[in-house]
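Working notes, structure below.
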Amino acid sequence: MSKFKSEFFNLMVERGFYNQCTNEDGFDTYLYECEKAGKPAVGYLGSDPTGDSLHVGHIVPLMMMRWFQKCGHKPITLVGGATARIGDPSGKDKLRPFLDEETLQNNIKGLKKSFSKFLKFGEGKNDAIMVDNWDWFKDINYLAFLRDIGTCYSVNRMLTMDSVKTRLEREQPMSFLEFNYMLLQGYDFCVLYNKYGCRAQIAGSDQWGNITSGTELGRRRYDVELFGFTSPIITDSNGKKMGKSEGNAVWINEEKLPSYDYYQYFRNIGDAEVGKCLRIYTDLPMDEIRRLESLQDKEINEAKKILAFEATKICRGLEEAQTAQDTAVKTFEMGQAGGDLPSIEKASVDGLSVLDAFLQIGFVASKGEARRLIKQAGLKINDKVVSDENYVLSAADVVDGQVKLSQGKKKHGLIKVA
RNA sequence: GGAGGGGUGGCAGAGCGGUCAAAUGCAACGGACUGUAAAUCCGUCGACGAACGUCUACGAUGGUUCGAAUCCAUCCCCCUCCA
(Lines give C-alpha, C1' and ligand atoms only; values in the text may rest on other atoms or scores of the structure.)
Protein backbone atom coordinates (compact mmCIF):
# COMPACT_ATOMS: atom_id res chain seq x y z
CA MET A 1 0.00 0.00 0.00
CA SER A 2 2.79 2.35 0.69
CA LYS A 3 4.65 4.02 -2.01
CA PHE A 4 7.98 4.06 -0.26
CA LYS A 5 10.41 1.37 0.72
CA SER A 6 12.04 2.82 3.77
CA GLU A 7 10.42 2.86 7.14
CA PHE A 8 11.45 6.44 7.68
CA PHE A 9 9.88 7.73 4.52
CA ASN A 10 6.62 5.98 5.17
CA LEU A 11 6.47 7.32 8.65
CA MET A 12 7.10 10.84 7.50
CA VAL A 13 4.42 10.73 4.87
CA GLU A 14 1.90 9.14 7.15
CA ARG A 15 2.47 11.63 9.91
CA GLY A 16 2.48 14.70 7.76
CA PHE A 17 6.14 15.59 8.04
CA TYR A 18 6.91 15.27 4.40
CA ASN A 19 7.00 18.35 2.28
CA GLN A 20 9.78 18.11 -0.22
CA CYS A 21 12.84 16.04 -0.95
CA THR A 22 15.74 16.69 -3.26
CA ASN A 23 15.47 13.19 -4.66
CA GLU A 24 12.58 11.20 -3.37
CA ASP A 25 13.46 7.86 -4.85
CA GLY A 26 17.13 8.29 -4.25
CA PHE A 27 16.79 9.12 -0.60
CA ASP A 28 14.16 6.47 -0.02
CA THR A 29 16.31 3.84 -1.61
CA TYR A 30 19.37 4.97 0.27
CA LEU A 31 17.54 4.77 3.58
CA TYR A 32 16.05 1.46 2.67
CA GLU A 33 19.46 0.01 1.90
CA CYS A 34 20.76 1.29 5.19
CA GLU A 35 17.80 -0.05 7.12
CA LYS A 36 18.12 -3.41 5.43
CA ALA A 37 21.82 -3.64 6.14
CA GLY A 38 21.33 -2.51 9.73
CA LYS A 39 23.70 0.32 9.02
CA PRO A 40 22.63 3.74 10.22
CA ALA A 41 22.30 6.49 7.70
CA VAL A 42 23.56 9.79 9.02
CA GLY A 43 21.46 12.93 8.86
CA TYR A 44 21.69 16.34 10.39
CA LEU A 45 19.60 19.17 11.66
CA GLY A 46 21.04 22.63 12.07
CA SER A 47 20.05 25.49 14.31
CA ASP A 48 21.59 28.76 15.24
CA PRO A 49 22.18 29.38 18.92
CA THR A 50 20.38 32.70 18.98
CA GLY A 51 18.41 31.76 22.06
CA ASP A 52 18.92 29.58 25.07
CA SER A 53 16.08 27.21 24.33
CA LEU A 54 14.13 25.92 21.39
CA HIS A 55 10.39 26.35 21.34
CA VAL A 56 7.40 24.50 19.99
CA GLY A 57 7.97 25.88 16.55
CA HIS A 58 11.21 23.93 16.38
CA ILE A 59 9.68 20.65 17.36
CA VAL A 60 8.75 19.57 13.87
CA PRO A 61 12.30 18.95 12.67
CA LEU A 62 13.20 17.62 16.10
CA MET A 63 10.49 15.03 15.85
CA MET A 64 11.63 14.15 12.36
CA MET A 65 15.06 13.52 13.79
CA ARG A 66 13.52 11.49 16.57
CA TRP A 67 11.83 9.22 14.08
CA PHE A 68 14.97 9.14 12.01
CA GLN A 69 16.79 7.80 15.03
CA LYS A 70 14.00 5.39 15.85
CA CYS A 71 14.36 3.96 12.40
CA GLY A 72 17.93 3.12 13.29
CA HIS A 73 19.67 6.14 11.83
CA LYS A 74 22.15 8.50 13.34
CA PRO A 75 21.21 12.14 13.95
CA ILE A 76 23.71 14.94 14.09
CA THR A 77 22.63 18.19 15.60
CA LEU A 78 24.60 21.11 14.36
CA VAL A 79 24.69 24.39 16.17
CA GLY A 80 25.69 27.37 14.15
CA GLY A 81 28.29 28.79 16.47
CA ALA A 82 29.99 30.42 13.53
CA THR A 83 26.94 32.04 12.03
CA ALA A 84 25.77 33.25 15.41
CA ARG A 85 29.11 34.85 16.01
CA ILE A 86 28.70 36.82 12.86
CA GLY A 87 25.15 37.76 13.74
CA ASP A 88 22.39 35.91 12.02
CA PRO A 89 21.06 38.15 9.28
CA SER A 90 17.87 36.24 8.58
CA GLY A 91 15.96 38.64 10.84
CA LYS A 92 15.77 40.87 7.78
CA ASP A 93 15.33 44.53 8.68
CA LYS A 94 17.58 44.66 11.67
CA LEU A 95 20.83 42.98 12.18
CA ARG A 96 20.61 41.02 15.36
CA PRO A 97 22.78 42.13 18.21
CA PHE A 98 26.06 40.29 18.07
CA LEU A 99 26.30 37.68 20.73
CA ASP A 100 29.11 37.67 23.17
CA GLU A 101 31.00 34.54 24.03
CA GLU A 102 29.25 33.94 27.30
CA THR A 103 25.67 34.06 26.06
CA LEU A 104 26.73 32.03 23.09
CA GLN A 105 28.08 29.25 25.26
CA ASN A 106 25.01 29.48 27.37
CA ASN A 107 22.76 29.25 24.34
CA ILE A 108 24.61 26.26 23.03
CA LYS A 109 24.12 24.56 26.35
CA GLY A 110 20.44 25.37 26.25
CA LEU A 111 20.09 24.01 22.75
CA LYS A 112 21.82 20.82 23.66
CA LYS A 113 19.36 20.43 26.46
CA SER A 114 16.45 20.98 24.10
CA PHE A 115 17.86 18.49 21.64
CA SER A 116 18.45 15.84 24.22
CA LYS A 117 14.79 15.73 25.11
CA PHE A 118 13.99 14.41 21.70
CA LEU A 119 17.11 12.51 20.77
CA LYS A 120 19.34 10.05 22.50
CA PHE A 121 22.88 11.26 22.60
CA GLY A 122 25.85 9.02 23.25
CA GLU A 123 28.53 6.84 21.79
CA GLY A 124 26.41 4.10 20.27
CA LYS A 125 26.23 3.61 16.56
CA ASN A 126 22.99 5.46 16.11
CA ASP A 127 23.25 7.77 19.07
CA ALA A 128 22.97 11.44 18.30
CA ILE A 129 26.00 13.68 18.37
CA MET A 130 26.27 17.41 18.51
CA VAL A 131 28.69 19.49 16.50
CA ASP A 132 29.41 23.18 16.20
CA ASN A 133 30.29 24.69 12.87
CA TRP A 134 32.53 27.14 14.65
CA ASP A 135 34.97 24.24 14.87
CA TRP A 136 35.60 24.32 11.17
CA PHE A 137 34.87 27.92 10.40
CA LYS A 138 37.02 29.56 13.03
CA ASP A 139 40.29 28.84 11.27
CA ILE A 140 39.12 29.05 7.75
CA ASN A 141 41.14 31.02 5.31
CA TYR A 142 39.10 33.40 3.25
CA LEU A 143 41.02 32.99 0.05
CA ALA A 144 41.18 29.27 0.37
CA PHE A 145 37.47 29.17 1.02
CA LEU A 146 36.70 31.30 -1.99
CA ARG A 147 38.90 29.23 -4.22
CA ASP A 148 37.69 25.96 -2.86
CA ILE A 149 34.00 26.60 -2.42
CA GLY A 150 33.30 29.89 -4.10
CA THR A 151 34.19 28.46 -7.48
CA CYS A 152 31.35 26.00 -7.13
CA TYR A 153 28.73 28.67 -6.87
CA SER A 154 27.30 30.71 -9.66
CA VAL A 155 26.08 34.13 -8.75
CA ASN A 156 23.57 33.95 -11.55
CA ARG A 157 22.11 30.92 -9.93
CA MET A 158 22.24 32.41 -6.46
CA LEU A 159 20.29 35.38 -7.64
CA THR A 160 17.47 33.14 -8.68
CA MET A 161 17.17 31.55 -5.26
CA ASP A 162 13.96 32.47 -3.55
CA SER A 163 15.54 33.94 -0.47
CA VAL A 164 17.57 36.33 -2.59
CA LYS A 165 15.08 36.96 -5.33
CA THR A 166 12.21 38.07 -3.15
CA ARG A 167 14.49 40.36 -1.30
CA LEU A 168 15.67 42.01 -4.47
CA GLU A 169 12.19 42.24 -5.88
CA ARG A 170 10.95 43.96 -2.81
CA GLU A 171 13.93 46.23 -3.00
CA GLN A 172 14.88 45.33 0.49
CA PRO A 173 18.52 45.56 1.26
CA MET A 174 20.56 42.45 1.41
CA SER A 175 24.04 42.49 2.78
CA PHE A 176 26.92 40.57 1.29
CA LEU A 177 27.02 38.63 4.50
CA GLU A 178 23.52 37.37 4.00
CA PHE A 179 24.30 36.60 0.43
CA ASN A 180 27.07 34.36 1.65
CA TYR A 181 24.92 32.60 4.15
CA MET A 182 24.03 29.80 1.82
CA LEU A 183 27.66 29.12 1.08
CA LEU A 184 28.35 28.65 4.74
CA GLN A 185 25.37 26.37 5.09
CA GLY A 186 26.32 24.42 2.02
CA TYR A 187 29.80 24.02 3.35
CA ASP A 188 28.50 22.71 6.65
CA PHE A 189 26.70 19.95 4.89
CA CYS A 190 29.81 18.90 3.03
CA VAL A 191 31.98 19.00 6.12
CA LEU A 192 29.56 16.69 7.84
CA TYR A 193 29.63 14.42 4.85
CA ASN A 194 33.38 14.25 4.86
CA LYS A 195 33.68 13.86 8.58
CA TYR A 196 30.76 11.63 9.42
CA GLY A 197 29.47 10.34 6.13
CA CYS A 198 26.39 12.44 6.64
CA ARG A 199 24.28 12.42 3.53
CA ALA A 200 21.01 13.91 4.66
CA GLN A 201 19.78 17.19 6.00
CA ILE A 202 16.40 17.45 7.61
CA ALA A 203 14.79 20.81 8.22
CA GLY A 204 11.81 23.07 7.84
CA SER A 205 10.85 24.09 4.34
CA ASP A 206 12.26 27.57 4.82
CA GLN A 207 15.67 25.97 4.71
CA TRP A 208 15.19 24.62 1.22
CA GLY A 209 17.54 27.06 -0.39
CA ASN A 210 20.28 26.38 2.10
CA ILE A 211 19.81 22.68 1.69
CA THR A 212 20.06 22.67 -2.05
CA SER A 213 23.10 24.82 -1.69
CA GLY A 214 24.66 21.95 0.21
CA THR A 215 23.52 19.22 -2.10
CA GLU A 216 24.79 21.10 -5.11
CA LEU A 217 28.11 21.77 -3.49
CA GLY A 218 28.37 18.10 -2.67
CA ARG A 219 27.78 17.14 -6.24
CA ARG A 220 30.16 19.65 -7.74
CA ARG A 221 32.97 19.54 -5.28
CA TYR A 222 32.88 16.07 -3.77
CA ASP A 223 30.98 14.19 -6.41
CA VAL A 224 28.45 12.78 -4.01
CA GLU A 225 24.71 12.96 -3.90
CA LEU A 226 23.49 14.50 -0.69
CA PHE A 227 19.82 14.49 0.23
CA GLY A 228 17.61 17.18 1.64
CA PHE A 229 14.28 16.54 3.27
CA THR A 230 11.93 19.22 4.49
CA SER A 231 8.76 19.46 6.52
CA PRO A 232 5.91 21.78 5.73
CA ILE A 233 5.57 24.86 7.89
CA ILE A 234 3.04 23.87 10.47
CA THR A 235 0.38 26.45 11.03
CA ASP A 236 -2.88 26.46 12.88
CA SER A 237 -6.18 26.83 11.10
CA ASN A 238 -5.76 30.58 10.99
CA GLY A 239 -2.53 30.21 9.12
CA LYS A 240 -0.47 31.38 12.02
CA LYS A 241 2.70 29.64 12.97
CA MET A 242 2.45 27.37 15.95
CA GLY A 243 4.16 27.99 19.19
CA LYS A 244 2.83 31.07 20.86
CA SER A 245 0.72 31.06 23.93
CA GLU A 246 -0.56 34.26 25.40
CA GLY A 247 1.89 36.02 23.21
CA ASN A 248 4.80 34.13 24.66
CA ALA A 249 6.80 31.40 23.05
CA VAL A 250 6.17 27.93 24.29
CA TRP A 251 9.63 26.88 25.34
CA ILE A 252 10.98 23.41 25.41
CA ASN A 253 13.33 23.83 28.33
CA GLU A 254 11.60 23.70 31.68
CA GLU A 255 13.36 26.65 33.22
CA LYS A 256 11.73 28.81 30.58
CA LEU A 257 8.24 27.42 30.91
CA PRO A 258 6.62 25.28 33.59
CA SER A 259 5.42 21.88 32.48
CA TYR A 260 1.90 22.75 33.47
CA ASP A 261 1.88 25.59 30.94
CA TYR A 262 3.42 23.35 28.36
CA TYR A 263 0.66 20.86 28.93
CA GLN A 264 -1.97 23.57 28.75
CA TYR A 265 -0.67 24.80 25.44
CA PHE A 266 -1.50 21.50 23.82
CA ARG A 267 -4.64 21.02 25.85
CA ASN A 268 -5.98 24.25 24.35
CA ILE A 269 -5.18 23.49 20.77
CA GLY A 270 -7.97 24.11 18.24
CA ASP A 271 -10.23 21.23 17.24
CA ALA A 272 -9.03 21.32 13.68
CA GLU A 273 -5.46 20.85 14.80
CA VAL A 274 -5.89 17.78 16.92
CA GLY A 275 -5.16 15.14 14.31
CA LYS A 276 -2.24 17.04 12.88
CA CYS A 277 -0.75 17.63 16.28
CA LEU A 278 -1.15 14.06 17.39
CA ARG A 279 0.81 12.97 14.37
CA ILE A 280 3.50 15.50 14.82
CA TYR A 281 3.92 16.00 18.52
CA THR A 282 3.37 12.51 19.87
CA ASP A 283 4.80 9.04 19.34
CA LEU A 284 1.38 7.42 19.35
CA PRO A 285 0.78 4.77 16.71
CA MET A 286 -1.29 5.76 13.75
CA ASP A 287 -4.37 3.63 14.42
CA GLU A 288 -4.67 5.23 17.82
CA ILE A 289 -4.38 8.63 16.26
CA ARG A 290 -7.00 7.85 13.67
CA ARG A 291 -9.35 6.77 16.41
CA LEU A 292 -8.73 9.91 18.45
CA GLU A 293 -9.12 12.34 15.64
CA SER A 294 -12.43 10.89 14.62
CA LEU A 295 -13.94 11.98 17.93
CA GLN A 296 -16.52 14.69 17.58
CA ASP A 297 -17.72 17.67 19.56
CA LYS A 298 -17.13 17.40 23.26
CA GLU A 299 -15.45 14.08 22.92
CA ILE A 300 -12.57 15.64 21.12
CA ASN A 301 -11.50 16.94 24.48
CA GLU A 302 -10.40 13.43 25.32
CA ALA A 303 -8.13 13.51 22.31
CA LYS A 304 -6.75 16.84 23.41
CA LYS A 305 -5.96 15.50 26.83
CA ILE A 306 -4.07 12.61 25.35
CA LEU A 307 -2.28 14.93 22.99
CA ALA A 308 -1.25 17.23 25.81
CA PHE A 309 -0.15 14.35 27.97
CA GLU A 310 1.86 12.63 25.29
CA ALA A 311 3.49 15.80 24.06
CA THR A 312 4.45 16.80 27.57
CA LYS A 313 5.78 13.33 28.23
CA ILE A 314 8.24 13.53 25.37
CA CYS A 315 9.48 16.93 26.30
CA ARG A 316 9.25 16.94 30.08
CA GLY A 317 9.13 13.33 31.09
CA LEU A 318 6.39 11.02 32.34
CA GLU A 319 6.28 12.34 35.85
CA GLU A 320 5.92 15.97 34.86
CA ALA A 321 3.25 15.07 32.34
CA GLN A 322 1.33 13.22 35.00
CA THR A 323 1.52 16.05 37.48
CA ALA A 324 0.45 18.54 34.88
CA GLN A 325 -2.45 16.39 33.90
CA ASP A 326 -3.54 15.83 37.49
CA THR A 327 -3.42 19.52 38.12
CA ALA A 328 -5.45 20.24 35.04
CA VAL A 329 -8.07 17.66 35.89
CA LYS A 330 -8.41 18.95 39.42
CA THR A 331 -8.65 22.59 38.51
CA PHE A 332 -10.85 22.31 35.48
CA GLU A 333 -12.94 19.25 36.04
CA MET A 334 -13.26 19.08 39.77
CA GLY A 335 -13.12 22.74 40.56
CA GLN A 336 -10.29 22.24 42.99
CA ALA A 337 -6.78 23.51 43.03
CA GLY A 338 -4.15 21.18 41.62
CA GLY A 339 -0.70 21.07 43.08
CA ASP A 340 1.22 22.08 39.99
CA LEU A 341 -0.40 25.45 39.56
CA PRO A 342 1.90 28.42 39.67
CA SER A 343 2.22 29.54 43.25
CA ILE A 344 3.88 31.93 45.61
CA GLU A 345 4.56 31.39 49.28
CA LYS A 346 3.62 33.75 52.04
CA ALA A 347 3.94 33.64 55.76
CA SER A 348 0.59 35.25 56.08
CA VAL A 349 -1.99 36.69 53.81
CA ASP A 350 -3.40 39.19 56.25
CA GLY A 351 -3.44 42.70 54.92
CA LEU A 352 -2.52 41.71 51.38
CA SER A 353 -4.59 43.64 48.89
CA VAL A 354 -6.15 41.84 45.94
CA LEU A 355 -4.19 44.05 43.62
CA ASP A 356 -0.90 43.10 45.20
CA ALA A 357 -1.82 39.46 45.33
CA PHE A 358 -2.37 39.27 41.59
CA LEU A 359 0.62 41.44 40.94
CA GLN A 360 2.89 39.24 43.00
CA ILE A 361 1.80 36.02 41.41
CA GLY A 362 2.53 37.59 38.07
CA PHE A 363 -0.94 37.43 36.53
CA VAL A 364 -1.02 41.16 35.98
CA ALA A 365 1.74 43.57 35.11
CA SER A 366 0.40 46.52 37.05
CA LYS A 367 -2.22 47.46 39.57
CA GLY A 368 -4.08 49.31 36.88
CA GLU A 369 -4.40 46.12 34.92
CA ALA A 370 -5.67 44.33 38.00
CA ARG A 371 -8.26 47.05 38.50
CA ARG A 372 -9.40 46.84 34.95
CA LEU A 373 -9.78 43.10 35.21
CA ILE A 374 -11.82 43.49 38.35
CA LYS A 375 -14.13 45.86 36.54
CA GLN A 376 -14.49 43.26 33.86
CA ALA A 377 -15.13 40.53 36.38
CA GLY A 378 -11.98 38.77 35.31
CA LEU A 379 -10.36 38.05 38.64
CA LYS A 380 -11.41 35.45 41.16
CA ILE A 381 -10.36 34.49 44.62
CA ASN A 382 -11.27 30.94 45.59
CA ASP A 383 -13.52 30.86 42.53
CA LYS A 384 -15.51 33.87 43.63
CA VAL A 385 -15.46 36.91 41.39
CA VAL A 386 -13.70 39.84 42.97
CA SER A 387 -15.93 42.86 42.75
CA ASP A 388 -14.19 45.24 45.11
CA GLU A 389 -10.82 46.42 44.03
CA ASN A 390 -10.02 47.52 47.55
CA TYR A 391 -10.57 44.10 48.96
CA VAL A 392 -7.91 43.00 51.40
CA LEU A 393 -7.17 39.36 52.01
CA SER A 394 -7.33 37.89 55.45
CA ALA A 395 -6.97 34.55 57.14
CA ALA A 396 -10.59 33.87 56.29
CA ASP A 397 -9.62 33.50 52.66
CA VAL A 398 -7.17 30.73 53.37
CA VAL A 399 -8.57 27.33 52.59
CA ASP A 400 -6.45 24.30 53.40
CA GLY A 401 -3.40 26.48 53.73
CA GLN A 402 -3.82 28.20 50.40
CA VAL A 403 -5.68 30.87 48.52
CA LYS A 404 -6.68 30.20 44.96
CA LEU A 405 -6.30 33.07 42.54
CA SER A 406 -7.73 32.99 39.05
CA GLN A 407 -7.47 35.31 36.11
CA GLY A 408 -9.99 34.61 33.44
CA LYS A 409 -11.04 31.07 32.95
CA LYS A 410 -7.75 29.47 32.35
CA LYS A 411 -5.14 31.05 34.50
CA HIS A 412 -5.10 29.76 38.02
CA GLY A 413 -2.55 30.01 40.78
CA LEU A 414 -2.11 29.64 44.50
CA ILE A 415 -0.80 31.57 47.41
CA LYS A 416 0.51 29.03 49.83
CA VAL A 417 0.41 30.18 53.37
CA ALA A 418 3.09 28.65 55.47
C1' G B 1 32.36 61.75 -0.27
C1' G B 2 27.53 64.08 -2.63
C1' A B 3 21.98 64.22 -2.83
C1' G B 4 17.51 62.69 -0.68
C1' G B 5 14.10 59.84 2.80
C1' G B 6 13.46 58.15 7.63
C1' G B 7 13.73 56.69 13.24
C1' U B 8 6.39 57.03 16.99
C1' G B 9 3.32 52.14 21.84
C1' G B 10 4.47 44.20 21.07
C1' C B 11 4.35 44.83 15.48
C1' A B 12 2.56 47.64 11.24
C1' G B 13 1.44 52.64 10.56
C1' A B 14 -1.10 57.90 11.11
C1' G B 15 -0.06 62.48 13.41
C1' C B 16 3.91 67.29 11.85
C1' G B 17 3.08 73.66 17.53
C1' G B 18 -1.95 73.27 21.87
C1' U B 19 -8.18 69.53 21.96
C1' C B 20 -1.91 63.72 21.84
C1' A B 21 -1.11 58.76 26.44
C1' A B 22 -0.88 59.78 20.63
C1' A B 23 -5.86 57.70 14.87
C1' U B 24 -6.30 52.95 12.50
C1' G B 25 -5.13 47.75 11.77
C1' C B 26 -2.94 43.30 13.75
C1' A B 27 -1.55 40.83 18.15
C1' A B 28 -2.86 40.42 23.33
C1' C B 29 -6.27 40.36 27.55
C1' G B 30 -11.41 40.18 30.10
C1' G B 31 -16.73 39.07 29.51
C1' A B 32 -21.05 36.62 26.92
C1' C B 33 -21.99 31.94 24.10
C1' U B 34 -19.58 26.90 24.54
C1' G B 35 -16.40 21.95 25.34
C1' U B 36 -10.14 24.67 29.11
C1' A B 37 -12.10 24.51 21.05
C1' A B 38 -13.28 27.61 16.72
C1' A B 39 -16.36 31.48 14.93
C1' U B 40 -19.18 35.62 16.61
C1' C B 41 -20.58 39.73 19.74
C1' C B 42 -19.33 43.32 23.78
C1' G B 43 -15.37 45.49 26.47
C1' U B 44 -10.08 46.61 27.77
C1' C B 45 -5.14 47.55 26.24
C1' G B 46 1.63 53.30 29.64
C1' A B 47 2.39 53.76 35.28
C1' C B 48 0.47 55.62 40.04
C1' G B 49 -4.22 57.29 42.35
C1' A B 50 -11.35 56.06 44.02
C1' A B 51 -11.20 60.58 41.15
C1' C B 52 -10.51 66.26 38.84
C1' G B 53 -5.26 64.55 38.39
C1' U B 54 0.18 63.53 38.51
C1' C B 55 4.36 61.18 36.31
C1' U B 56 6.88 58.66 32.30
C1' A B 57 6.86 58.07 26.85
C1' C B 58 7.13 59.56 19.94
C1' G B 59 16.18 57.70 18.36
C1' A B 60 19.79 60.88 22.02
C1' U B 61 21.13 65.61 23.99
C1' G B 62 20.39 70.64 24.18
C1' G B 63 17.39 75.00 22.51
C1' U B 64 13.05 78.19 20.73
C1' U B 65 8.05 78.77 22.87
C1' C B 66 3.07 80.20 27.82
C1' G B 67 3.03 75.25 25.37
C1' A B 68 6.90 70.44 21.26
C1' A B 69 5.95 63.68 18.93
C1' U B 70 5.38 68.12 16.03
C1' C B 71 10.01 73.97 15.05
C1' C B 72 15.73 74.73 15.49
C1' A B 73 20.88 72.77 16.59
C1' U B 74 24.22 68.88 17.45
C1' C B 75 24.90 63.74 17.71
C1' C B 76 23.66 58.45 16.86
C1' C B 77 21.34 54.85 13.76
C1' C B 78 18.68 53.03 9.26
C1' C B 79 17.36 53.26 4.04
C1' U B 80 17.56 54.96 -1.33
C1' C B 81 20.17 57.09 -5.39
C1' C B 82 24.89 59.07 -7.35
C1' A B 83 30.45 58.84 -6.96
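Labels below follow one simple rule: chain letters A, B, ... track the order of the sequence lines, proteins then strands, and each chain is numbered from 1.
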Paired to U40(B) by Watson-Crick or G-U wobble criteria (both distances under 3.5 Å) is A32(B)

Test of ring centre spacing under 6.0 Å for Phe229(A) and Phe8(A):
yes

Taking atom P in both U61(B) and A23(B), compute the distance separating them and give it to the nearest angstrom.
24 Å

From CG of Asp297(A) over to P of G35(B), roughly how many Å is that when rounded to an integer?
10 Å

Using the benzene-type ring in the case of Trp, are the ring centres of Phe9(A) and Tyr32(A) under 6.0 Å apart?
no

A28(B) phosphate, OP1 or OP2: any side-chain N/O from Arg372(A) under 4.0 angstrom?
no

Opposite nucleotide pairing with C16(B), Watson-Crick or G-U, both atom distances under 3.5 Å:
none

Separation of U36(B) P from Tyr260(A) OH (nearest whole Å)
12 Å

Pick base, sugar-phosphate or nothing for Asn390(A), based on heavy-atom distances below 4.0 Å to the nucleic acid.
nothing

In whole angstroms, the gap separating C1' of G49(B) from CD of Glu389(A) amounts to 10 Å

Would you say the ring centroid of Phe309(A) lies under 6.0 angstrom from that of Phe266(A)?
no

Write down the distance between CZ (Arg371(A)) and P (C48(B)), rounded to a whole number of angstrom.
7 Å

Looking at every strand, decide which applies to Lys367(A) at a 4.0 Å heavy-atom threshold: base, sugar-phosphate, or nothing.
sugar-phosphate

Between A73(B) and U64(B) - C1' atom distance, rounded Å
10 Å

Using the C1' atom as the point on both nucleotides, what is the distance between G31(B) and U80(B), in whole Å?
49 Å

Look at the side-chain N and O atoms of Lys410(A) and state whether any lies under 4.0 Å from the OP1 or OP2 oxygen of G35(B).
no

Round to the nearest Å and state the distance from Asp271(A) atom CG to G35(B) atom C1'.
8 Å

Of the candidate nucleotides G43(B), A50(B), G35(B), which contains the atom at the shortest distance from the side chain of Gln376(A)?
G43(B)

Return the nearest nucleotide to the side chain of Asn268(A); candidates are A37(B), G35(B), A32(B).
A37(B)

Indicate, with a heavy-atom threshold strictly under 4.0 Å, whether Glu369(A) touches base, sugar-phosphate, or nothing.
nothing

Starting at the 5' end of RNA chain B, which residue's closest nucleotide do you reach first, Ala365(A) or Gly270(A)?
Gly270(A)

Does Ser366(A) make a side-chain N or O approach to OP1 or OP2 of G46(B) shorter than 4.0 Å?
no

What contact category does Ala328(A) fall into here, base, sugar-phosphate, or nothing, at under 4.0 angstrom with non-hydrogen atoms?
base

Checking all strands, does Ile300(A) fall into the base, sugar-phosphate, or nothing category for heavy-atom contacts under 4.0 angstrom?
base

Is the distance between the ring centroids of Phe137(A) and Tyr187(A) less than 6.0 Å?
yes

Strictly below 4.0 Å: does Lys375(A) bring a side-chain N or O up to OP1 or OP2 of G31(B)?
no

Taking atom P in both A27(B) and C75(B), compute the distance separating them and give it to the nearest angstrom.
43 Å

Could you tell me the Watson-Crick or G-U partner of U80(B), where both distances fall under 3.5 Å? Say none if there is no partner.
A3(B)

For A69(B), which nucleotide in any strand shown is its Watson-Crick or wobble partner with both distances under 3.5 Å?
none

Atom-pair distance (NZ on Lys409(A); P on C29(B)), nearest Å
13 Å

Can you tell whether the side chains of Lys305(A) and Glu333(A) come within less than 4.0 Å, N to carboxylate O?
yes

Which whole number of Å gives the distance between the C1' atom of G17(B) and that of A69(B)?
10 Å

Should the ring pair His55(A) and Trp251(A) be called parallel, tilted or perpendicular, given that the plane angle runs from 0 to 90° and is split at 30 and 60?
perpendicular

Would you measure the distance from the P atom in U56(B) across to the matching atom in G67(B) and give it in whole Å?
16 Å

Any Phe68(A) side-chain heavy atom under 4.5 Å of Met12(A) side chain:
no

Phosphate OP1/OP2 of G35(B) contacted by Lys298(A) side-chain N/O (<4.0 Å):
yes

Span that lies between the C1' atom of C81(B) and that of C71(B), in whole angstrom
28 Å

Where each residue is assigned the nucleotide of RNA chain B containing its nearest heavy atom, which of Ala377(A) and Leu359(A) is assigned the position nearer the 5′ end?
Ala377(A)

Nearest whole angstrom, please: distance from the P of A39(B) to the CD of Glu273(A).
10 Å

C1' spacing across the pair U54(B) / G43(B), given as an integer number of angstrom
27 Å

By the 4.0 Å heavy-atom rule, please label Gln264(A) as base, sugar-phosphate, or nothing.
base

